[in-house]
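Note sheet for the following structure.
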Protein chains: 2
Amino acid sequence: MVKRTSHKQTACPVARPLDAIGDWWSLLIIRDAFDGLRRFGEFQRSLGLAKNILSVRLRNLVEHGILDTVPASDGSAYQEYALTEKGRGLFPLLVALRQWGEDYFFAPGEDHVLLTDRKHGMPVKRLELRAEDGRILKPEDTIISPSPSPSPKG
Amino acid sequence: MVKRTSHKQTACPVARPLDAIGDWWSLLIIRDAFDGLRRFGEFQRSLGLAKNILSVRLRNLVEHGILDTVPASDGSAYQEYALTEKGRGLFPLLVALRQWGEDYFFAPGEDHVLLTDRKHGMPVKRLELRAEDGRILKPEDTIISPSPSPSPKG
DNA sequence: ATTTCTTGGTTGCAAGATAAAACCAGCATC
DNA sequence: GATGCTGGTTTTATCTTGCAACCAAGAAAT
């Protein structure tokens, strides 16, 4: 989005998605979509961003298969924007960002919204990375490996 | 960084961190930092970004307490950039982004690097959000609640 | 059917962010 | 004490972003 030297060529799964969600309006749009917002105007009022920007962002998200335009919902001839399966796949990322934000961007005792288990109203657990055997992994416990398998293509 | 209407006022923990890591270079710098890179030149060669941009980004990350400048390491009079505790707190976010990237930005069979458990060399488990009682939570199973407690401040 | 309002979106232009390159300082090497 | 490498800063050109104004298609009112 913001770059011309595309990241699509790297073998790093961290870098590639950045063309799709590399600007953070997109992430806020997706957050709002998870919160149930669907209409152009809803996003615009919620985020307070310029309409042209929202227009471009929505189009980009649709092109990347994160949002989908669906015909209607309340009968009006307008379209709505709904998360695709790919878009819903961003849920853990949003949660991770949310938990990090809670940890480091709020004064102790400062009010903030909280993600809770709808069934019991309790706050959700923290995300934690685990090994196959169930051990919690810290950054130092992990390493990047070149490739899952040589994948002989010839 | 990219915005002037600061997100610092919202009560949403998703929005606030965006001033700190809201530009996408920062996330790649942090990824590289998790991979052990520490020197200005290392980041620059790894990312291929302009030196002035790197300079600004590193300074911003330091100001936000995500990186820390430490005096040396190999004796040279230069400084290095090391992740702080706050910076290391971004690990789940990076992992979430990585897993999403793996899921949706690589053709089946296409090679990509893999995050593995250093101890056994096995790929790590997927991140999953759980309720207090251990149930796996999907987006629809959660809801945003206004505030943990009224927190009487008077 | 004509005005009017809302929704969704496009088009300019000014401001800000980015990139490439030149430049510079400190240290090492020769 | 010239040359070259590392780690930046400054300069300049370009590209993107955001605001504001405008516009088209419904929907609603008259």
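Letters A, B, ... mirror the listed sequences (proteins, then strands); counts begin at 1.
- Ring pair B:Phe43/B:Tyr81 is perpendicular by interplanar angle, where above 60° counts as perpendicular and below 30° as parallel.
- Listed by first and then second residue, the salt bridge (Lys or Arg N to Asp or Glu O under 4.0 Å) pairs that reach into residues 83-92 of chain A are A:Glu85-A:Arg88, A:Arg88-B:Glu140, sequence neighbours excluded.
- For A:Ser46, the side chain to side chain donor-acceptor pair (under 3.5 Å) partners two or more places apart in sequence, or in a different chain, are A:Asp32.
- In the helix from C:dA1-D:dT30 to C:dC30-D:dG1, the end axes, each obtained as the rotation axis mapping the C1' atoms of four pairs onto the next four within a five-pair block, lie 10° apart to the nearest 10 degrees.
- B:Leu49 has its CG atom 13 Å from the C1' atom of D:dG8, to the nearest Å.
- For residues 127-139 of chain A, the set of pairs meeting the side-chain hydrogen bond (donor to acceptor under 3.5 Å, both in side chains) definition, not counting sequence neighbours, comprises A:Glu128-A:Arg130, A:Asp133-A:Arg135, A:Arg135-B:Asp117, A:Arg135-B:His120.
- Partners of B:Phe34 under the ring pair (Phe, Tyr, Trp, His ring centres under 6.0 Å) rule, at least two apart in sequence or in another chain, are B:Phe91.
- Phosphate contact (OP1/OP2 of D:dG18, side-chain N/O of A:Trp25, threshold under 4.0 Å): present.
- When the C1' atom of D:dG26 is taken as reference, atom CD of A:Glu80 falls 15 Å away, rounded to whole Å.
- In this structure, B:Gln44 atom CD and D:dC5 atom P are separated by 15 Å, rounded to whole Å.
- A search for side chain to side chain donor-acceptor pair (under 3.5 Å) contacts involving B:Thr142 returns nothing, not counting sequence neighbours.
- Residue pairs meeting the side-chain hydrogen bond (donor to acceptor under 3.5 Å, both in side chains) criterion with at least one member in residues 96-106 of chain A, sequence neighbours excluded: A:Asp103-A:Arg126.
- For D:dT17, the OP1/OP2 oxygens have no side-chain nitrogen or oxygen of A:Trp24 closer than 4.0 Å.
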Do any N or O atoms of the protein come closer than 3.5 Å to N or O atoms of nucleotides 8-12 of chain C, and which pairs are they?
from	atom 1	to	atom 2	distance (Å)
C:dG8	OP1	A:Arg39	NE	2.7
C:dG8	OP1	A:Arg39	NH2	3.4
C:dG8	OP2	A:Gly41	N	2.8
C:dG8	O6	A:Lys51	NZ	3.3
C:dG9	OP1	A:Gln79	NE2	2.7
C:dG9	OP1	A:Tyr81	OH	3.1
C:dG9	OP2	A:Tyr81	OH	2.9
C:dG9	N7	A:Lys51	NZ	3.4
C:dG9	O6	A:Lys51	NZ	2.3
C:dT10	OP1	A:Arg59	NH1	3.2
C:dT10	OP2	A:Ser55	OG	2.7
C:dT10	OP2	A:Arg59	NH1	3.3
C:dT11	O4	A:Asn52	ND2	3.4

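- D:dT16 atom P lies 16 Å from atom CG of B:Asp23, rounded to whole Å.
- With 3.5 Å as the limit, one finds no donor-acceptor pair spanning the side chains of A:Asn52 and A:Ser55.
- What separates CG of B:Leu37 from P of D:dG7 is a distance of 11 Å, to the nearest Å.
- Atom P of nucleotide D:dG18 and atom CG of A:Leu54 are separated by 11 Å, given to the nearest angstrom.
- Judged as a side chain to side chain donor-acceptor pair (under 3.5 Å), and not counting sequence neighbours, B:Glu42 has no contacts.
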